[in-house]
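Below: the structure, in structure tokens.
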Amino acid sequence: MNCEIDPDRMVYHYLKIDRNRLPETVKMPSDCDYRGREMRNYADIPSLKCLQVFERIARTGNVVRAAETLGISASAASHQLASLERSLECRLFERNAAGVKLTARGEAYFEIIGVHLQGLIRATAEMKASGRVNKIHIHSSPTFGYLWLLPRIQSFQQQHPGTEVTLACSYEEVDFGREEVDIAIRHGLPAWEGLDIRSVRNERILPMASPEYLEREPVTSAQDLVSRRLIYSENTLLRWPDWFRTHDIGQPTQPWLFRFDRSYMSLEAAAMGHGVVLESELLAEKFLSQGKLVRVLPDKFSHTISAHHIVMPLGYRSRPNLQNFLGWMENNLTAVATSNHPEDTGRLPVG
């Protein structure tokens with residue numbers, strides 16, 4: 001029997017790529033000649049750092065932004081990219097004033113590399129996590145971790161005494177492949193690729209103040225807020241200027257009383273009676289339940305947002321310990337939502 005192997009076909013089959021979808025100019029081996037090479041020659045494989053830089057630049061379309069996400073300088077990223085293009089003997093990007101754009105060859109390479117880098121990340125995270133079946137390492141944005149999660153985490157441990165929980169809080173976005181983290185609670189817009197994301201729904205942002213402040217400075221209409229002492233939260237998805245614009249109210253002319261990049265500081269300042277804050281009802285739940293803060297205006301002046309997201313590597317959701325934690329979070333979020341707004345009963349708090 002005559003058995004003949006086509007090395008090109010073997011490469012495409014192994015990488016699960018439909019070669020007919022690729023432009024003629026990028027089909028191997030025309031531009032980067034693999035014919036006759038030993039497929040197991042690891043010296044031909046570019047460094048992982050070069051591939052990471054290439055993948056990030058391809059996703060962001062900008063060398064500076066890609067470098068920031070990797071924690072390296074833009075010049076270092078450019079150097080790694082140039083090294084990769086030299087090793088492949090083909091250009092991967094077209095440079096222009098707006099940034100960079102993948103060439104046809106670059107698109108073909110990205111289709112291959114992107115999938116396999118994500119596979120490496122998942123495999124590494126799975127391996128690191130396999131030895132800690134009864135542990136959950138949580139990373140949270142600071143205010144959610146401090147105001148919502150920390151006061152409740154003991155109840156989870158009481159329900160699941162065999163599971164050890166650790167909690168770290170910072171605004172940095174953790175790298176699941178490098179750090180010992182199973183699940184993250186992030187704040188912002190959910191633009192994270194290659195991850196399992198469940199958004200917290202029905203979170204509302206609205207004006208709140210202490211009863212003492214409102215006794216001194218009553219608010220009888222939304223227009224009144226223009227002349228009240230306002231506390232500015234810098235990191236909310238809806239800020240005071242947006243709120244006034246949405247309700248067709250002129251912008252305040254006086255400077256902001258306080259300005260914070262941490263929501264818990266804004267809420268604490270409002271609870272002390274310093275002024276009115278525009279913040280998340282979810283984060284303010286403790287202050288509201290204790291009567292330290294009250295809602296200033298009717299519900300029509302509140303806005304529903306999805307500012308917090310439960311993020312984990314793909315495949316993690318099926319783990320028993322994480323299923324327990326996700327179920328516990330969903331039950332607690334439901335309890336808070338229905339307590340504040342009975343009309344929300346039946347709506348999924350996470351999705």
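As a basis for the values below, the full set of heavy atoms in this structure was taken, side chains included, without hydrogen atoms, waters or symmetry mates. The first residue of the sequence shown is numbered 1, and numbering continues consecutively from there.
Ring-centre distance between Trp240 and Tyr232: not below the 6.0 Å cut-off. Note: His160 and Trp328 fail the aromatic proximity criterion, with ring centroids not under 6.0 Å apart. Between Phe258 and His274, the distance from one ring center to the other falls under 6.0 angstrom. Between Phe301 and His247, the ring centre distance stays below 6.0 Å. Taking the six-membered ring wherever Trp is involved, the centroid distance between the rings of Tyr316 and Phe176 does not fall below 6.0 Å.
Remark: Arg152 qualifies as a cation-pi partner of Trp148 under the 6.0 Å distance and 45° angle criteria applied to the six-membered ring. Both tests do not hold together for Arg262 against Tyr264: distance to the six-membered ring centre under 6.0 Å, angle to the ring axis within 45°.
Hydrophobic cluster membership is shared by Leu150 and Leu326, with clusters built from Ile, Leu, Val, Met, Phe, Trp and Tyr side chains linked at under 4.5 angstrom. Connection of Leu206 to Ile231 is established within a shared hydrophobic cluster, with ILVMFWY side chains joined at heavy-atom distances below 4.5 Å, either directly or through further cluster members. In terms of hydrophobic clustering, with Ile, Leu, Val, Met, Phe, Trp and Tyr side chains grouped at heavy-atom distances under 4.5 Å, Leu257 and Trp243 are assigned to different clusters. Tyr109 and Leu120 end up in the same hydrophobic cluster when Ile, Leu, Val, Met, Phe, Trp and Tyr side chains are linked at under 4.5 Å. Residues Leu48 and Leu81 fall within the same hydrophobic cluster, defined by Ile, Leu, Val, Met, Phe, Trp and Tyr side chains chained together at heavy-atom separations under 4.5 Å.
The closest donor-acceptor contact from the side chain of Ser83 to the backbone of His79 lies at 3.5 Å or more, if one exists at all. No donor-acceptor pair under 3.5 Å is formed between the side chain of Arg204 and the backbone N or O of Ser302. Asp182 places a side-chain N or O within 3.5 Å of a backbone atom of His137 that can act as its donor or acceptor partner. At distances below 3.5 Å, not a single donor-acceptor pair connects side-chain atoms of Ser141 with backbone N or O atoms of Thr143. Although no hydrogens or angles enter the test, the distance criterion places no donor-acceptor pair under 3.5 Å between the side chain of Thr163 and the main chain of Asn134. In this structure a side-chain-to-backbone donor-acceptor pair under 3.5 Å is present from Asn331 to Gly327. Between the Gln254 side chain and the Arg228 main chain, a donor and an acceptor come within less than 3.5 Å of each other. A donor-acceptor pair under 3.5 Å is absent between the side-chain atoms of Asn332 and the main chain of Met329, judged by distance alone.
Val294 and Pro211 get closest at one heavy-atom pair: CG1-CG, 4.0 Å. Across all their heavy atoms, Pro190 and Ile197 have their closest contact at CB-CG2, 4.1 Å. Residues Gly145 and Ser140 come closest through the heavy atom pair N-OG, 3.1 Å. Shown here for Lys49 and Gln80, the closest heavy-atom pair between the two residues is CG-NE2, 3.3 Å. Between Ala284 and Leu293, the shortest heavy-atom distance links the atoms CB-CD1, 4.5 Å. Scanning all heavy atoms of the two residues, the minimum distance from Tyr171 to Asp261 falls at OH-O, 3.8 Å.
Between Arg95 and Glu85 there is a salt bridge, with a side-chain nitrogen of the basic residue lying less than 4.0 Å from a carboxylate oxygen of the acidic one. A salt bridge is defined here as a Lys NZ or Arg NE, NH1 or NH2 lying under 4.0 Å from an Asp or Glu carboxylate O, and Glu234 with Arg259 meets this definition. The residues Arg216 and Glu212 are annotated as not salt-bridged, no charged nitrogen and carboxylate oxygen being separated by less than 4.0 angstrom.
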Checking Leu147 against Phe287 for the side chain to side chain contact (heavy atoms under 4.5 Å, CB included) test, could you report, in this order, the C-alpha distance in whole Å, the side-chain angles of both residues, the deciding distance, and whether it holds?
CA-CA 10 Å; Leu147 290 179; Phe287 298 96; 4.0 Å; yes
Set out, in order, the CA-CA distance, both residues' side-chain angles and the distance that settles side chain to side chain contact (heavy atoms under 4.5 Å, CB included) for Phe144 and Leu282, then state yes or no.
CA-CA 9 Å; Phe144 188 92; Leu282 178 68; 3.9 Å; yes
When you look at Leu195 and Met312, which way does the side chain to side chain contact (heavy atoms under 4.5 Å, CB included) test go after all the steps?
CA-CA 6 Å; Leu195 294 170; Met312 69 201 91; over 6 Å; no
Would you check, one step at a time, whether the test side chain to side chain contact (heavy atoms under 4.5 Å, CB included) holds for Ile185 with His309?
CA-CA 5 Å; Ile185 293 126; His309 314 276; over 6 Å; no
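At a threshold of 4.5 Å between non-hydrogen side-chain atoms, the residues Ile138 and Leu149 count as touching. Between Leu51 and Leu84 there is a side-chain heavy-atom pair separated by less than 4.5 Å.
Glu279 and Ser233 share a donor-acceptor pair across their side chains, judged by distance under 3.5 Å alone.
Separation of atoms OG (Ser266) and CG (Leu278) is listed at 10.0 Å; rounding is to 0.5 Å. Atom OG of Ser306 is separated from atom CG of Asn202 by 7.5 Å, given to the nearest 0.5 angstrom.
Heavy atoms from other residues, nucleotides or ligands lying under 6.0 Å from CD of Glu215 number 12 at most. By the 6.0 Å contact criterion, CD on Gln290 is enclosed, its count of non-hydrogen atoms from other residues, nucleotides or ligands being greater than 12. Surrounding NZ of Lys101 are at most 12 heavy atoms belonging to other residues, nucleotides or ligands under 6.0 Å away. Annotation: Tyr146, atom OH; neighbour count of heavy atoms from other residues, nucleotides and ligands within 6.0 Å does not exceed 12. Sparse packing is recorded around CD of Glu172, with 12 or fewer heavy atoms of other residues, nucleotides or ligands lying under 6.0 Å away.
Exactly one residue among His187, Arg186, Arg201, Arg198 makes a side-chain contact (heavy atoms from CB on, under 4.5 Å) with His308. That residue is His187.
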